[in-house]
Number of protein chains: 2
Amino acid sequence: MKATIYDVAREAGVSIATVSKVINAKGKISQERREEIFAIMERLHYQPSVIASALTGKHTFTLGLLIPDIANPFFGEVARAVEDRGHQLGYSVIICSTDNKDERIEQYISVLKQKRVDGIIIGTGMENTDILRDLGESMPVVIIGREVSAVSVHTVVADDWQGGRSAAEHLLLLGHRRMAVLSESLTVSSSRERLHGFKQRLGEEGVMMSERHVRPCKQRMEDGKREAAALLQGSDRPTAIFCCNDLLAVGALQAAKEAGIRVPSELSVVSFDNTILASVTDPPLTSIAQPMEQLGASAVDLLLEQFAQEAPTVKHRIALRTELIVRESTACVNLAYPIDN
Amino acid sequence: MKATIYDVAREAGVSIATVSKVINAKGKISQERREEIFAIMERLHYQPSVIASALTGKHTFTLGLLIPDIANPFFGEVARAVEDRGHQLGYSVIICSTDNKDERIEQYISVLKQKRVDGIIIGTGMENTDILRDLGESMPVVIIGREVSAVSVHTVVADDWQGGRSAAEHLLLLGHRRMAVLSESLTVSSSRERLHGFKQRLGEEGVMMSERHVRPCKQRMEDGKREAAALLQGSDRPTAIFCCNDLLAVGALQAAKEAGIRVPSELSVVSFDNTILASVTDPPLTSIAQPMEQLGASAVDLLLEQFAQEAPTVKHRIALRTELIVRESTACVNLAYPIDN
DNA sequence: CTGAAAGCGCTTACAG
DNA sequence: CTGAAAGCGCTTACAG
């Protein structure tokens, strides 16, 4: 049988209260006793039960992580960062892939509450933000990777606006003037910000994009491919496309290939996220890197911070800088290739 | 405050035992009482505490999943499958990325034990298999994706041997005779099996591979690239390479590109796993697909099965069929390109 | 510095 | 069909 605190106490000839104190480094216990008790715990392979101590009001040392899909490389990397920071600090993480479905979200939240997790990190989209509001009132929460302005919670995001600007900046420097954007759904704040930053930077140089050059897509690769194909057959074909995530950029690459348009000599492509996908395509993608490690780590820190304070405090919003990673999908506008038919 | 079983009992004018029985559908409770109590639970938003019921000897409804790295797309997909099957059956999963380090493995196992998870799925490599043996004796365990023959535990794997044969078969049909392999570390059983199946099928057609055409690599892409580059500069350059995972194949593609060798016209590449990476490269990779969903689901089923039976039973070993997915990285040996210098 | 006792929110024989 | 009571393995005032 597994040893309990009673076994340790009996063996040491003390009360379980004393053992509990040495385990938790509370109260004053004489040095000798402490060492003796540690020795006994070791000998009996005693491991305190997290279950029992959680029931007594302490933490479960478990966190919930809600994301759209753990199989998506971007969220996989974020999850790894959350896991690592949590592990360092003594917390485990339960993964919850929601597919952005409110129903799954509510199911998962209900389970996490029943398991009394200490806090929840939310990286998933949802229709009904009331879910979030209620949740935020009943336990520590932090949102990662997006804004939900309707609700007041701690938030950590990449600086999407600045990322969009960097993408524009890079392309402008390469001489591009006729550009297009493959964006995600514009109901997502991060997509809006990326687009906004991109357009704004263009505007500063007097460069305008026609509305039909801005194409919102669903998350998937095929969508990116289809929209990019449409973009590439117009007579005012863009010389550069800014894609709001790596998957979309892969689609753009494929569309260009099918249309017989070479990247980067005839078309530059900049993507966003810089997941492993960006380094695997041909050509490898120039991409705006999100600091996924920091994103995950900060989210955990912000969450644990809330355990400490009793009163609800002002909600933080952390925006982390993105970084332009130049690979081979971008080049100077090449005038040798006429772009007007 | 959150409602407890006492609140429900008081409200219903019954004992907590009765409430407990209706929650767990145990014993005989009159239909009326049952319905009345359900109504009250609903009204009070009562949710039973998993913590408390776990302490009383019941399940925690939580599983541990040990894998090398959740950020690796292959394991991301497996994790998603495990999560989904678990969720269906009422279980949550805690992710544990081990980096294949025994130290991390032991830390995680210790945490999982303290949290009294109901079982552990192991998809990670380890040096010291004693860890596994001990673990298997103290709680339900299933190994996924590899064999650890030294220890008797339930196992679910892809049929790696058959997968290796399929790869060989495909290449033979395309007329290839001079082939090479980029394998993972041969200490991993699945790699050995893939290689073995591949060689064996070749042998059946009287095709031999020289020893220097079999190159074990570490997991990483750069490794694959370096080894492939070495392979491609010999005078007896292979016309086809079988890569034991997608990442290695990406490396091979890159090496070929740098050497100015075209895929598939001058070199065919077959990979293994069929993760998202295989569909994103240029050309997209012909790959031996592992049934990742089934792998995950079967692992969960095999684990839960163990909760039912008291006595340790014969250990199962499930090998799931792989499937050849033909994309554009393979083609007939092209005699137009002389391969001998 | 140490311990007795109550309590966390449940489940499970057992008795009626 | 229903309930009283013990117990799961801890922590926490409180008293000494």
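Only heavy atoms go into these numbers, but all of them, side chains included; no hydrogens, no water, no symmetry mates. Since the structure is predicted, the reported quantities are computational estimates derived from the model, not experimental observations. Residue numbering restarts at 1 for every chain, and letters A, B, ... go by the order of the sequence lines.
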Do B:Ile94 and A:Val93 have side chains that approach each other closer than 4.5 Å (heavy atoms only, starting at C-beta)?
no
Between B:Asp159 and B:Leu320, is there a side-chain heavy-atom distance shorter than 4.5 Å?
no
Would you mind reading off the distance between [X] atom [atom1] and [N] atom [atom2], rounded to a whole angstrom?
X: A:Gln47; N: D:dC10; atom1: CD; atom2: C1'; value: 15 Å
X: B:Ile51; N: D:dG7; atom1: CD1; atom2: C1'; value: 18 Å
X: A:Ile5; N: D:dG7; atom1: CD1; atom2: P; value: 18 Å
X: B:Tyr6; N: D:dG3; atom1: OH; atom2: P; value: 14 Å
X: A:Leu55; N: D:dG7; atom1: CG; atom2: P; value: 17 Å
X: B:Met41; N: C:dC10; atom1: CE; atom2: C1'; value: 14 Å
X: A:Ile37; N: D:dC10; atom1: CD1; atom2: C1'; value: 15 Å
X: B:Arg34; N: D:dT2; atom1: CZ; atom2: C1'; value: 13 Å

What parts of residues 14-24 of chain B reach DNA chain C, counting only heavy atoms under 4.0 Å away?
B:Ile16, B:Ala17, B:Ser20, B:Asn24
Can a donor-acceptor pair be found between the side chains of A:His87 and B:Gln107 at a distance below 3.5 Å?
yes
Does the side chain of B:Lys115 pick up a donor-acceptor pair with the side chain of A:Thr62 at under 3.5 Å?
yes
Watson-Crick/G-U partner (both atom distances under 3.5 Å) of C:dA13:
none
Polar pair under 3.5 Å, donor/acceptor by atom type, side chain A:Ser53, base D:dC10
no
Does the distance from a Lys or Arg side-chain N to an Asp or Glu carboxylate O, for B:Glu293 and B:Arg80, drop under 4.0 Å?
no
Could A:Arg317 and A:Glu147 be called an ion pair, given the rule that one side-chain N must be under 4.0 Å from one carboxylate O?
yes
